[in-house]
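Heads up, the thing below is written out as structure tokens.
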Amino acid sequence: LDRESLITAREEILAHYGHLNILVNCAGGAVKAAQVPQDYFCEAGEGEDTFFSIDLENVHRELDLNIYGTMLPTQVFGEVLKGQENANIVNISSMSAYHPLTRIPGYSAGKAGVASFTEWCAIYFAKSGIRVNAVAPGFFHTTQNHALQYNEDGTPKPRTQHIVDSTPMGSFGRIEDLVGGFLYLVDPRGSRFVTGTILPITHTPCTGAAKGQQCTHYCHLNCFHGCKVTEKSGKPLCKKGIMTTFAGKCGTTGTERKLL
């Protein structure tokens with residue numbers, strides 16, 4: 001987020017390579033202190049922080065990192081993309097921009113901002129020969145989020161296990177799974193006519209929930225604590241038991257397969 005350091009990097013690249021035609025904006029991420037501790041307001045314990053008490057300065061940092069961290073490099077490097085052959089920019093959004101996850105409102109808002117900025121840039125630069133797209137990763141395991149997803153002994157945290165069990169492939173994505181999407185967007189042989197596109201790199205969303213599988217539409221019955229819920233009440237009962245039934249927006253129902 002330092003303009004001068006970006007300008008220095010730009011000049012070093014131009015001095016070494018003589019030109020620059022592809023920019024990948026990688027700045028971004030979640031700020032742990034900006035997280036809301038619970039999935040539902042009704043689950044908050046006595047004295048525990050809630051959305052109403054978290055320090056919004058931490059959310060501000062999160063928005064700066066994701067949105068400003070994408071806009072600033074686009075200003076600094078985008079200026080030298082003009083007139084270059086196959087000039088294009090690839091940003092990093094997230095599937096959380098479209099289906100916000102619980103606990104991370106600032107991150108989801110930031111990535112939604114990246115998606116919106118991508119579409120804005122695609123129009124703004126359309127007649128200048130610069131394509132602008134983004135990738136939207138789903139659930140990925142990275143060095144940055146390892147401590148948030150796993151215990152010190154390497155076992156997944158309850159929320160992590162719940163997320164994995166809720167994905168059709170039953171696993172996180174790996175960094176190398178992003179490569180194909182990036183290469184497609186920067187290579188004019190496959191994407192010359194593609195701009196303003198947010199490319200999902202994730203499991204295909206379910207069209208219904210089968211037995212032994214959770215609905216990936218994240219409906220209101222889906223309790224991340226594994227609390228018992230019933231279709232009749234439609235609300236988490238927060239008994240810390242197993243979730244016996246659930247329903248998705250698709251109208252189908254299923255059963256949870258394990259106690260979290």
Side-chain angles (χ1 to χ4, degrees), residues 22-37 39 58-59 61-70 73 88-119 132-187 190-191 194 197-206 213-218 222 224 260:
I22 298 173
L23 170 64
V24 179
N25 282 316
C26 295
V31 175
K32 186 176 181 180
Q35 293 185 11
V36 177
D39 301 317
N58 293 317
V59 177
R61 288 171 51 211
E62 207 164 37
L63 295 175
D64 272 355
L65 176 60
N66 290 283
I67 300 177
Y68 188 67
T70 300
N88 67 87
I89 299 170
V90 181
N91 298 323
I92 300 180
S93 181
S94 168
M95 290 306 295
S96 189
Y98 301 99
H99 305 288
L101 296 177
T102 59
R103 305 196 183 197
I104 50 173
Y107 174 80
S108 298
K111 290 304 185 182
V114 171
S116 178
F117 179 63
T118 299
E119 294 174 345
V132 186
N133 296 288
V135 296
F139 293 115
F140 274 72
H141 175 228
T142 67
T143 301
Q144 184 184 43
N145 63 25
H146 179 82
L148 296 176
Q149 295 176 341
Y150 292 89
N151 298 309
E152 291 184 0
D153 62 2
T155 58
K157 293 182 178 181
R159 178 177 168 83
T160 300
Q161 188 63 56
H162 182 88
I163 289 172
V164 170
D165 289 343
S166 300
T167 58
M169 290 185 181
S171 66
F172 283 116
R174 298 189 294 266
I175 295 301
E176 53 265 33
D177 296 326
L178 296 171
V179 174
F182 277 104
L183 291 178
Y184 164 69
L185 291 175
V186 301
D187 191 338
S191 59
V194 177
T197 294
I198 317 298
L199 179 65
I201 302 182
T202 186
H203 300 173
T204 302
C206 75
Q213 183 181 43
Q214 289 204 18
C215 178
T216 53
H217 285 134
Y218 304 108
N222 195 348
F224 278 84
L260 299 181

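Keep in mind the model is a prediction, meaning the values are calculated, not measured.
Between the OG atom in Ser94 and the CZ atom in Phe140 there is a gap of 10.0 Å [rounded to 0.5 Å]. The CE atom of Met95 lies 9.5 Å from the CZ atom of Phe139; values are rounded to the nearest 0.5 Å. With rounding to the nearest 0.5 Å, the separation of CD1 in Ile198 from NZ in Lys111 is 11.5 Å. With rounding to the nearest 0.5 Å, the separation of CG in Asp39 from CZ in Arg103 is 4.0 Å. Taking CG of Asn133 as the start and CD of Glu119 as the end, the distance is 10.0 Å to the nearest 0.5 Å. Between Thr70 atom OG1 and Asp64 atom CG the span is 11.0 Å, to the nearest 0.5 Å.
Partners of Tyr184 under the side-chain contact (heavy atoms from CB on, under 4.5 Å) rule, at least two apart in sequence or in another chain, are Ser191, Val194, Leu199. Residues satisfying the side-chain contact (heavy atoms from CB on, under 4.5 Å) criterion with Ile67, sequence neighbours excluded, are Leu63, Met71.
A donor-acceptor pair under 3.5 Å links the side-chain atoms of Asn66 to the main chain of Gly29, judged by distance alone. Between the side chain of Asn151 and the backbone N or O of Asp153 there is no donor-acceptor pair closer than 3.5 Å. Under a 3.5 Å cut-off, the side chain of Glu62 and the backbone N or O of Val31 do form a donor-acceptor pair.
With contacts defined as side-chain heavy-atom distances shorter than 4.5 Å, the pair Leu65/Tyr107 does not qualify. Side chains of Tyr98 and Pro200 form no contact here, defined as non-hydrogen atoms less than 4.5 Å apart. At least one side-chain heavy atom of Val90 sits less than 4.5 Å from a side-chain heavy atom of Val186.
In summary, the side chains of Thr118 and Asn91 do present a donor paired with an acceptor at a separation below 3.5 Å, with no hydrogens or angles considered.
In plain terms, the two heavy atoms of Arg61 and Asn58 that are nearest each other are NH1-OD1, 3.1 Å. Pro137 approaches Ser93 most closely through the heavy-atom pair CD-O, 3.4 Å. Taking all atoms of both residues into account, the shortest heavy-atom contact from Ser96 to Ile104 is OG-CD1, 4.3 Å.
Within a 6.0 Å sphere centred on NZ of Lys32, heavy atoms belonging to other residues, nucleotides or ligands number 12 at most.
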